[in-house]
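Take a look at the structure below.
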Number of protein chains: 2
Amino acid sequence: MAAGVSRATVSRVVNDVPTVDPRMRAAVERAIQETGYVPNLAARSLVTRRTDSVALVISEPPNHREYAATFLNRVFTDPYFGRLTAGAQEVLRVEGIHLVIIPADPPAHDQVLRYLRQGHVDGVLLISSHAADPFPGQLADMGVATVLSARPGRPVPLSYVDVDQPTGVRLAAEHLVARGRRRLGTIAGPQDMPAGQDRLSVFRDSLARQGLPAPPVVEGDFTRASGEAAARALLDAHPDLDGLFVANDLMAEGAVRALQEMGREVPGDISVVGFDDSSAALEARPQLTTVRQPVEEMAGEMARLLLASLREPQRSPRTVIFNPTLVVRGSS
Amino acid sequence: MAAGVSRATVSRVVNDVPTVDPRMRAAVERAIQETGYVPNLAARSLVTRRTDSVALVISEPPNHREYAATFLNRVFTDPYFGRLTAGAQEVLRVEGIHLVIIPADPPAHDQVLRYLRQGHVDGVLLISSHAADPFPGQLADMGVATVLSARPGRPVPLSYVDVDQPTGVRLAAEHLVARGRRRLGTIAGPQDMPAGQDRLSVFRDSLARQGLPAPPVVEGDFTRASGEAAARALLDAHPDLDGLFVANDLMAEGAVRALQEMGREVPGDISVVGFDDSSAALEARPQLTTVRQPVEEMAGEMARLLLASLREPQRSPRTVIFNPTLVVRGSS
DNA sequence: GTGAAAGCGCTAACAC
DNA sequence: GTGTTAGCGCTTTCAC
């Protein structure tokens with residue numbers, strides 16, 4: 001071509017095939033520089049059947065429940081997704097794999113499904129938190145390589161990563177009790193999400209096992225505003241509560257704020273323990289005691305699982321569970 | 001093929017070409033159903049030279065400044081990006097164009113550039129807020145169809161959308177004065193961003209024009225935490241301030257919180273006006289008086305400008321400026 | 001180590 | 001209205 005060599009040689013140079021004469025390689029590289037040549041991705045992936053990119057899809061199923069904030073506002077307001085992205089990026093980057101983020105709320109569902117199926121990406125990291133979300137099953141049926149960010153609501157033949165929820169919740173419950181709190185309540189996550197369900201049921205069990213009464217519960221939607229409202233409702237109905245387990249940090253931050261506005265001292269009058277250890281835990285005043293999920297590592301593992309299944313398509317799905325830890329700060 | 005028709009007819013059916021016998025169309029569609037046929041994107045876009053997808057790239061240039069939070073944490077914590085995405089989605093969706101979101105912090109820059117240039121997407125909506133960001137210029141040089149979300153720091157032959165910053169700032173300044181405030185201060189945005197610069201310089205001018213003294217200034221980085229710290233610094237140095245203009249709502253929310261912790265009543269002792277009218281304005285207590293940017297509409301316009309330049313590649317760059325409005329709430 | 005040639009799966013121009 | 005055919009730009013055997 002421009003460097004006086006064949007199309008095949010150019011291809012070898014571009015793809016770093018070792019068996020190329022160094023001088024020829026140099027000549028080709030210079031020609032590429034000068035002509036501003038850019039390989040055509042479509043042509044390449046037509047033959048290689050790879051795109052070297054994967055999607056991080058954040059799925060929201062058709063609403064069973066009402067949300068105060070829109071889907072995209074929730075996504076771009078919850079530090080959880082940033083941590084997930086960061087963790088995945090880090091391992092994909094070194095492999096030269098591109099990551100694209102695709103929000104998939106109900107009106108976009110079909111379009112996103114088409115996008116993924118068409119082969120724009122080699123695989124998908126799927127954040128799907130609702131038990132009834134059909135997305136994981138659909139991707140599995142279509143044979144799209146997929147790894148989930150948490151135990152799916154219904155069994156699906158896909159790999160997933162999760163935190164050991166029961167252990168995390170127990171850490172929180174035992175900590176509250178160790179602090180001398182006995183009149184405990186909880187702000188639960190949405191009960192149509194496995195994470196929301198687990199954190200509530202295990203908390204109840206933990207208290208029962210320690211001989212404490214069943215806690216009053218108000219359900220939130222994992223947003224700061226819902227945590228605020230829930231804390232108000234809880235304390236209005238049970239003014240004597242002295243400890244609160246909140247299913248995520250964003251709601252816990254809102255709860256602390258509401259408690260203070262109601263004239264309660266945190267942790268003087270009432271202890272609050274959150275879940276996640278997200279940046280919201282550090283923004284709260286006082287900063288939150290919380291159950292830490294190693295989200296970045298979990299996302300990294302998702303990426304690794306996906307890469308492995310890309311390399312070995314027949315590989316059977318696996319599950320990787322991470323250990324949570326308790327981070328004690330000012331709110332308890 | 002499976003339906004006993006030619007490859008070309010299948011293509012016509014799949015692409016909704018009108019000149020196909022309805023019976024034949026039905027037969028083909030049935031066969032597609034049964035065989036689970038999925039068109040190969042790479043092959044299609046090799047010939048059409050389109051991918052029917054565009055990228056929303058959020059760029060962060062090499063750091064001049066220190067940030068307390070990581071790039072991805074800032075992105076997934078600032079409601080601004082959610083509104084932008086929502087606005088763009090809405091117009092792209094009806095055109096059948098896919099939107100993928102790509103965060104591009106400095107370590108990812110080259111990789112993202114490669115991604116965009118390879119033709120994974122037909123064009124890009126670029127969020128680049130730093131004056132020194134080389135990204136817009138690079139994309140322009142590479143001939144990648146691009147629309148910017150704000151006036152670029154250096155002139156670049158690309159279309160962009162912006163809000164009329166001076167008008168917005170004046171609305172805020174005049175409102176504070178109309179409220180009887182005379183001892184005004186401001187929390188500015190980063191001074192390496194055009195938006196940060198404009199909002200500060202115009203605020204200064206406005207006060208000067210009204211015969212008020214130059215306001216004390218502390219610079220933040222558009223995060224809630226920085227707004228909090230800035231308010232503390234400002235009030236420590238100037239305890240008599242009775243009005244604050246804050247360059248975005250997130251910082252204003254933090255500022256209000258700090259003021260209250262310092263024992264100031266908002267708006268009793270001091271009025272606060274934000275900028276954006278994001279969800280943060282509604283989360284603050286009291287809710288924020290703020291300058292509203294029609295971000296969703298602006299993003300929609302970005303998408304429209306991009307689609308137009310895709311259809312007509314020679315089209316010259318244009319600029320669309322939106323009008324801000326003042327939304328009066330409890331904080332003033 | 002390098003070139004020639006086949007072919008990836010599709011669309012579009014052209015005959016029929 | 002439908003089939004035939006010629007590429008789109010790359011990678012990859014296969015000779016040399």
Side-chain angles (χ1 to χ4, degrees), chain A residues 1-32 34-53 96-98 114-122 142-144 310-311 313, chain B residues 1-32 34-53 96-98 114-122 142-144 310-311 313:
Chain A
M1 327 248 318
V5 301
S6 81
R7 166 185 250 61
T9 303
V10 176
S11 175
R12 291 189 186 105
V13 170
V14 170
N15 293 293
D16 274 330
V17 174
T19 66
V20 178
D21 185 301
R23 292 188 315 237
M24 184 149 270
R25 177 179 299 272
V28 173
E29 278 167 351
R30 184 154 24 78
I32 288 179
E34 284 167 8
T35 59
Y37 167 80
V38 177
N40 179 308
L41 172 90
R44 165 183 291 167
S45 79
L46 180 55
V47 28
T48 61
R49 322 200 126 283
R50 288 184 299 102
T51 62
D52 290 325
S53 44
I97 308 271
H98 305 283
R114 211 175 316 132
Y115 182 89
L116 299 174
R117 167 151 87 167
Q118 279 179 332
H120 273 103
V121 294
D122 299 334
M142 292 174 0
V144 175
L310 255 23
R311 278 190 275 267
Chain B
M1 327 249 317
V5 301
S6 80
R7 166 183 250 64
T9 305
V10 175
S11 175
R12 286 193 263 263
V13 171
V14 169
N15 293 293
D16 274 329
V17 175
T19 66
V20 178
D21 186 302
R23 292 188 315 236
M24 185 146 268
R25 177 180 299 272
V28 172
E29 278 167 351
R30 184 154 24 79
I32 287 179
E34 285 167 6
T35 59
Y37 167 81
V38 177
N40 179 308
L41 173 90
R44 166 182 290 167
S45 77
L46 179 55
V47 30
T48 61
R49 325 201 122 280
R50 288 184 299 102
T51 62
D52 290 326
S53 41
I97 308 271
H98 304 283
R114 211 175 317 130
Y115 182 88
L116 299 174
R117 168 151 88 166
Q118 279 180 333
H120 272 105
V121 294
D122 298 334
M142 293 174 359
V144 175
L310 255 24
R311 276 190 277 267

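What you see is a predicted model, and the numbers here were worked out from it, not measured in a lab. Excluded from the calculations below are hydrogen atoms, water molecules and symmetry mates; all remaining heavy atoms, backbone and side chain alike, are included.
One atom, CD of A:Q118, and another, C1' of C:dG9, lie 13 Å apart when rounded to the nearest Å. Rounded to whole Å, the distance from CZ on A:R25 to C1' on C:dT2 is 13 Å. Atom CG of B:D52 and atom C1' of C:dC10 are 14 Å apart (whole Å). Protein atom CZ of A:R44 is 21 Å distant from nucleotide atom P of C:dC10, rounded to whole Å. One can place CG of B:N40 at 13 Å from C1' of C:dG7, the figure rounded to the nearest angstrom. Regarding A:I32, its CD1 atom lies at a distance of 14 Å from the C1' atom of D:dG9, rounded to whole Å. For A:R7 and D:dT11, the CZ to P distance is 10 Å, given to the nearest whole Å. Here the P atom of nucleotide D:dC8 and the CG atom of B:L46 are 9 Å apart, to the nearest Å.
Picking from D:dG9, C:dT11, C:dT2 the nucleotide with the shortest atom distance to the side chain of A:V47 gives D:dG9. Closest approach to the B:D21 side chain among D:dG9, C:dC10, D:dT2 is made by D:dT2 (side chain taken as heavy atoms from C-beta onward). Distance from the side chain of A:T19 is smallest to C:dG1 among D:dG9, C:dG1, C:dC10.
Counting all heavy atoms, side chain and backbone alike, A:V144 lies closest to A:L116 at CG2-O, 4.5 Å. Taking both residues in full, the closest heavy atoms of B:V38 and A:Q118 are given as CG1-CA, 4.3 Å, listed atom of the first, atom of the second, then distance. Of all heavy-atom pairs between B:S45 and B:R50, the closest is CB-O, 2.7 Å.
Taking only distance into account, the side chain of A:R12 meets the base of C:dG3 through a donor-acceptor pair shorter than 3.5 Å.
For the pair A:N15 and D:dT11, the criterion of a side-chain N or O lying under 4.0 Å from OP1 or OP2 is met. Distances shorter than 4.0 Å separate some side-chain N or O of A:R49 from OP1 or OP2 on C:dG9. Not one side-chain nitrogen or oxygen of B:S11 sits closer than 4.0 Å to the OP1 or OP2 atom of C:dC10.
If B:T9 and B:A43 are placed on DNA chain D by their nearest nucleotide, the residue sitting closer to the 5' end is B:T9.
Atoms CZ and CG, on A:R49 and A:D122 in that order, are 11.5 Å from each other to the nearest 0.5 Å.
Note on A:D16 versus A:R25: salt bridge recorded, some NZ/NE/NH1/NH2 to OD/OE distance being below 4.0 Å.
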